[in-house]
Asker: 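One structure, as structure tokens, below. Some questions next.
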Amino acid sequence: MSLTPEERFHRWTRWSLLIAALAFIYFVIADMHMPLTPHSRLLHKVTPVAAEVSGRVVSVNVQNSQFVKKGDVLFTIDDQDYRTAVHDAEMALQQALDSNSALDASISEAKASLAQVQAGWNVAKADSARYEQLRNSAVSRQQADQALGNERQYAAQIAQMQAKIHNLEIQRGLRGGDNLHIRQAENSLHQANINLARTKVRALEPGYISNLNLVGGDYASTSTPLLSIVSTRNEIYADFREKSLRYINSGSPAEVVFDAFPGKVFHAHLTSQEAGIADGQIVADGKLAATEESDRWVRDAQRLRVYFQLDDALPKGLPSGARATVQLTPENPLLHGLAWLQIHLISLLHYVY
């Protein structure tokens, strides 16, 4: 029995509504239990490289896109001034040592003089005591007063010598490596050697040279980046809707598709999640709060950032910032199979867009 055009139209309408309803239900379930996002990128840690000492660049040892290992020399700064600084610091250290030796000799000389004065004081003290006993009988009052004056004169010299020794010992300071002047000179020499070593700017981690616009003769200033090192370490960030993250935890499995490698699916796992976003931070700037404004009945869903680590080897030639699509895979066998089908379908679609 053939259907009339009107009956065929109603049948197609019912099937279309049924398919739309099933697609809507699938979307709601998939968004909560097997979420997927195309808002994802591959990140390599990028380290800006700047000189730690200023000077004229005398040689550049690398080129753009060149792979360097940790410790490789990237470029060299003229070290003539820094070698002079090391020489000056060495002389300052030697001067501190010589000065301490001279102070040691002065202290020894002062102690010998003190011992001599103390011997004279002992004699004068004995004479003064004897003259005091013989006052007005065997010796005159003038002789007794003179003996007492000699004793007091020696006592004053002793006090003067003790003060001189104390002053010399303060100038000398502690002995050995605890001496302040020697420590200051050693620290200056150590810093001068550090600055000299810093004239050879080295890679602090392995990676690829990027954004190199440096030639010999350029002037390098401290804290001014002159090139970047793109690290071999990598991670993937993905921005998911808030409700999509209800059932995930650290270590949750995921599958990743890169735009640059259509048809290929990589395995990964979730490592961390951001604690907030920029809109969730209130800065105390003295201004009144600004409310959100929107003329839409249904506002855009908020997205949160999570990070993933690849379990598979990363293909060569994939740059930092490469676009990716991330699919979280649930433990439920049915949902796991649907997620597998979903991400593989997307990987095939990358052939055409």
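We use all heavy atoms of the structure for the numbers below, so side chains are in, but hydrogens, waters and symmetry mates are not.
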Asker: For residues 221-234, which side-chain N or O atoms pair as donor and acceptor with protein atoms under 3.5 Å away, sequence neighbours left out?
Answerer:
from: Ser231; atom 1: OG; to: Glu205; atom 2: OE1; distance (Å): 3.2
from: Ser231; atom 1: OG; to: Arg233; atom 2: N; distance (Å): 3.0
from: Arg233; atom 1: NH2; to: Glu205; atom 2: OE1; distance (Å): 3.1

Asker: Hey, could you give me the CD/NE2 distance between Glu255 and His344, rounded to the nearest 0.5 Å?
Answerer: 6.0 Å
Asker: To the nearest 0.5 Å, tell me how far Arg41 CZ sits from Arg323 CZ.
Answerer: 3.5 Å
Asker: Listed by chain and number, what are the side-chain hydrogen bond (donor to acceptor under 3.5 Å, both in side chains) partners of Gln273, not counting sequence neighbours?
Answerer: none
Asker: How is the hydrophobic cluster of Leu204 composed, in terms of its other members, when Ile, Leu, Val, Met, Phe, Trp and Tyr link through side-chain heavy atoms under 4.5 Å apart, directly or indirectly?
Answerer: none
Asker: What is the distance from atom CG of Leu93 to atom NE2 of His190, rounded to the nearest 0.5 Å?
Answerer: 13.5 Å
Asker: What residues form a salt bridge (Lys or Arg N to Asp or Glu O under 4.0 Å) with Arg83, not counting sequence neighbours?
Answerer: Asp79
Asker: How is the hydrophobic cluster of Phe67 composed, in terms of its other members, when Ile, Leu, Val, Met, Phe, Trp and Tyr link through side-chain heavy atoms under 4.5 Å apart, directly or indirectly?
Answerer: Tyr208
Asker: Could I get the full list of ring pair (Phe, Tyr, Trp, His ring centres under 6.0 Å) partners for His33, not counting sequence neighbours?
Answerer: Tyr247
Asker: By side-chain hydrogen bond (donor to acceptor under 3.5 Å, both in side chains), which residues pair with Gln327, not counting sequence neighbours?
Answerer: Gln342
Asker: For Leu304, which fellow cluster members are found when Ile, Leu, Val, Met, Phe, Trp and Tyr are connected by side-chain heavy-atom distances below 4.5 angstrom, either directly or through intermediates?
Answerer: Leu42, Ile236, Phe240, Leu245, Ile248, Val256, Phe258, Phe261, Phe266, Leu270, Ile277, Val306, Phe308, Leu310, Leu314, Leu318, Val326, Leu328
Asker: Hydrophobic cluster mates of Val58, side-chain heavy atoms under 4.5 angstrom, ILVMFWY only, any path?
Answerer: none
Asker: Asn195 and Gln191: side-chain donor and acceptor closer than 3.5 Å?
Answerer: yes
Asker: Taking side-chain hydrogen bond (donor to acceptor under 3.5 Å, both in side chains) as the test, write out the residues that go with Arg56, two or more places apart.
Answerer: none
Asker: Could you tell me whether Gln302 atom CD has more than 12 heavy atoms of other residues or ligands within 6.0 Å of it?
Answerer: yes
Asker: So, taking the atom named OG in Ser59 and the one named CD1 in Ile77, what distance separates them when rounded to the nearest 0.5 Å?
Answerer: 10.0 Å
Asker: Going by the rule side-chain hydrogen bond (donor to acceptor under 3.5 Å, both in side chains), which residues pair with His39 if we only count those two or more places apart in sequence or in a different chain?
Answerer: none
Asker: OG1/Thr13 to CG/Leu18 distance, rounded to the nearest 0.5 angstrom?
Answerer: 12.5 Å
Asker: Sequence neighbours left out, what pairs pass salt bridge (charged side-chain N to carboxylate O under 4.0 Å, His left out) with at least one residue falling in residues 58-78?
Answerer: none
